[in-house]
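Small disclaimer: the values here were computed from a predicted structure and weren't measured.
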Amino acid sequence: MQGSQGESVAIFFRDWTISDKVGFTYSQTPGEDAAADLMQRLENIRQELIKENASGPHIVSIVLDGENAWEYYPNDGKEFLHALYSMLSESETIKTVTPSEYLEMFPEQQELETLFPGAWFSQNYDTWIGEDEENQAWNYLGKVRDYLAKYDVTGKREASEEAIALAEDYMYLAEGSDWFWWYGSDQDSGQDEYFDLGFRQLLKKVYESLGDEVPVFLSVPIIPPDAVEPDQYLTAASTITVDGQATTEEWSTAALYANADEAAVIQSMAISMDASNLYIQLNSDALENGFDLYLRLPNRTEYYPFMLNENGTDQIGIAASHLLRFTPDEQGSYIVENEAWKVTEIDWTVAQQGSSIEIAIPFAQLGELETGDAILIKAADPSTLEAFPQDGPAEVNLLQIGTYTSVLTIQDPEGDDDGPGTYTYPTDTAFEPQVFDINTFQVSYNDSYVLFDFTFFGPITNAWGSSIDLSLQTMDVYVDTDPGNGTGSRVLLPGRNLGLEEGYGWDVAVWAEGWYPEILAPDANTGEAMNTNTEIKILVDPATNKVTLRVPRTVFGESAPETWAYAAIVLSQDGYPSTGVWRVRDVNQNAEQWRLGGAATGNNHTRVVDMVWATGNTPDQATILSNFTPNEKTQSELSIEDFALIPMFHVQN
């Protein structure tokens, strides 16, 4: 790597842990305690270097995403900063230095032959690339830049210097990374459609600056429209006999979309599935010339927003990846290639009797799909171009498709959503009865993923508008991949105020909630929970009160899920937690609008509302969670000696 004049470039590597502690964690910790923790971490690094006989010099770089930190600290972080700078001034082993000062002191530095690419907070770029929306945005950007290159690179087209300079300005603005930050499901601004519009407007301005016609694709939103809520949710898998009869028994558990317009061509659409096939049923008296089914499947390289017809500019209502066309004369299938519909071979089945049309599409014909993937669907009359649903696509999240091996199913007692037997819900009406009451917990897996399924006795609602439809519940799953070997951490995530019984230690923790889910592993030296930057897919099914957590198997290592030990708990999500608590709700002695009630005196009671523990197991949940001695320690002072200890369960028990 070289500078613009060929000179060497100095690189300072960000200490990920300490930097993120300052940026995102210490704001929930008393300032003196946070400063002391930072200094201890620096001292631990120094001691480790001494232990390794490492040759110096050594520097630790603390680099923040500047606008994020201080607004979340009490009093803008003054207590933390005053304490930190006092400790740094008094330290005899730690010296503060700027990068320039450091290079002046130690001009001779190691040279790197290769540099692993990565972002400031992770070892990859998956916040900006990889998801469907992100890929589509990059495709848009690439097309526009290639077009501009005809003016400012190859000179194949001509325009004034002023016009080209203005077009370049708009191009540079569109190339800013923050546009791609908000595409995809990994980041949510609450107004992603606004950023999508702004990004596409900048790209349009490139053409307008050059006096050229703006291509139609830039008027098509990259973020798909919100899916239409069905009149009836898909509640269970069903295998359909595709004969056009559409019996009530076959379709009773299907998702149903009914058309309020009695004069519309398509009166209703039903969607069902089994482990191998997607089933669609259309009800229409007017599809004399056949129908089109437009599908948007995940993880495709290209999508197309226009219908297949002579005009070529009539919009579907989604940017689709597949088209299935049925006419009285033939049955065909298409995929998107180079911004056009190209004929392909998909083996799918259609049967019609009267106004009922039944369709079966094998998942194997649609490429690699996994449990939890979402498919968007629009049906259209190719004669009138009328599409249904009108206000947005139908969306179906795939149930457990393909072959999964079931590890265990635990039936949890009904009515034990009271923690240690005394907890009561907050008084606000958002907390409907039994929303935290676990019904069943299941574990299954295939070669790629492990699935953790929670079902609840109460409803899964979205009172606070989470992008994944999960507002109230927080679910933790702790996995010991080698029970009895003494590895992992015995303390659950901060604020849970629980430990594992002796002999167990979690190696992977899955923390599932509506805004900031994570998969964590304990630090090998400190046991501290560290984000593994592994993607977790959360599938919420309000119809069956079910939440599925899809976790890549690779995060668990090579051992088999049948040999693991598990613990699983449910808490109440809280976006404004107490100091030192990771986003779960407090329990007071008396319930309040936003606080659970029924806690013992002191500060070391658990915040767990329900724990996965089979009906009839002894001791019962209330006994386990109440087995501690109350004390008044602060959250940062608490340790495993202050907590109730919970058992883990195996396949055999």
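For T474 against R583, the heavy-atom pair with the smallest separation is OG1-O, 4.2 Å. A pairwise comparison of heavy atoms in D469 and I460 identifies O-CG2, 4.1 Å as the closest pair. Considering every non-hydrogen atom in both W348 and R325, the closest pair reads CZ2-O, 3.6 Å. Smallest separation of non-hydrogen atoms from P517 and A512: CB-CA, 4.2 Å. Closest approach of L297 to Y303, counting heavy atoms only: O-OH, 2.6 Å. Here the closest non-hydrogen pair linking I569 and F454 is O-CE2, 4.4 Å.
For the pair V508 and L520, the minimum side-chain heavy-atom distance is 4.5 Å or more. Counting heavy atoms from C-beta on, the side chains of L323 and K378 never come closer than 4.5 Å. Looking at R145 and D152, their side chains come closer than 4.5 Å, going by heavy atoms from C-beta outward. Within the 4.5 Å cutoff, side-chain heavy atoms of T534 are placed close to those of P552. Within the 4.5 Å cutoff, the side chain of P393 has heavy atoms near those of the P225 side chain.
Within the 3.5 Å criterion, the main-chain N or O of I401 finds a donor-acceptor partner in the side chain of T371. The main-chain N or O of P362 is never found under 3.5 Å from a side-chain atom of Q365 such that the two would form a donor-acceptor pair. With hydrogens and angles ignored, the 3.5 Å screen pairs no side-chain donor or acceptor of Q315 with any backbone N or O of G317. A distance-only check finds a donor-acceptor pair linking the side chain of N139 to the backbone of T301 [under 3.5 Å]. Checking side-chain atoms of D178 against main-chain N and O of W181 turns up no donor-acceptor pair under 3.5 Å. Although no hydrogens or angles enter the test, the distance criterion places a donor-acceptor pair under 3.5 Å between the side chain of D132 and the main chain of N299. A distance-only check finds a donor-acceptor pair linking the side chain of W564 to the backbone of A560 [under 3.5 Å]. In terms of modelled atom types and a separation under 3.5 Å, the side chain of R14 and the main chain of V60 share no donor-acceptor contact. With hydrogens and angles ignored, the 3.5 Å screen pairs a side-chain donor or acceptor of D196 with a backbone N or O of I222. Distance alone, capped at 3.5 Å, places no donor-acceptor pair between the T344 side chain and the S333 backbone.
In this pair, F441 and F452 present their aromatic rings parallel. The plane angle is below 30°, not in the 30 to 60° band.
No hydrogens or angles considered: a donor-acceptor pair under 3.5 Å links the side chains of R585 and S572. Counting only N and O atoms by type, the side chains of N397 and D541 include no donor and acceptor under 3.5 Å apart. D192 and Y183 form no side-chain donor-acceptor contact under 3.5 Å, judged by distance and modelled atom types alone. A donor-acceptor contact under 3.5 angstrom links the side chains of Y279 and D274, judged on distance only. Y147 and D212 are linked by a side-chain donor-acceptor pair at a separation below 3.5 angstrom, with hydrogens and angles left out of the test. A donor-acceptor pair shorter than 3.5 Å can be found between the side chains of T487 and D507.
Only one option out of D453, T409, T455 pairs with T440 in a side chain to side chain donor-acceptor pair (under 3.5 Å); it is T455. Put simply, the residue from W128, Y140, F199 that forms a ring pair (Phe, Tyr, Trp, His ring centres under 6.0 Å) with F180 is F199. Exactly one residue among I536, T532, V479, T481 makes a side chain to side chain contact (heavy atoms under 4.5 Å, CB included) with V555. That residue is T532.
With a 6.0 Å cutoff to the six-membered ring centre and a 45° limit on the axis angle, R496 does not count as a cation-pi contact of W582.
L539 CG to E370 CD: the interatomic distance, rounded to the nearest 0.5 Å, is 12.5 Å. T403 contributes atom OG1, which lies 9.5 Å from atom CG of D447 (distance to the nearest 0.5 angstrom). Atoms CD and CG, from E193 and D226 in turn, are 6.0 Å apart once rounded to the nearest 0.5 Å.
Electrostatic pairing of E528 and K21 counts as a salt bridge here, judged by a charged N lying under 4.0 Å from a carboxylate O. Ionic pairing of E213 and K204 is not present here: no N-O contact between side-chain nitrogen and carboxylate oxygen is shorter than 4.0 angstrom.
Proximity of the aromatic rings of Y170 and Y172 is defined here by a centroid distance below 6.0 angstrom, and this criterion is not met.
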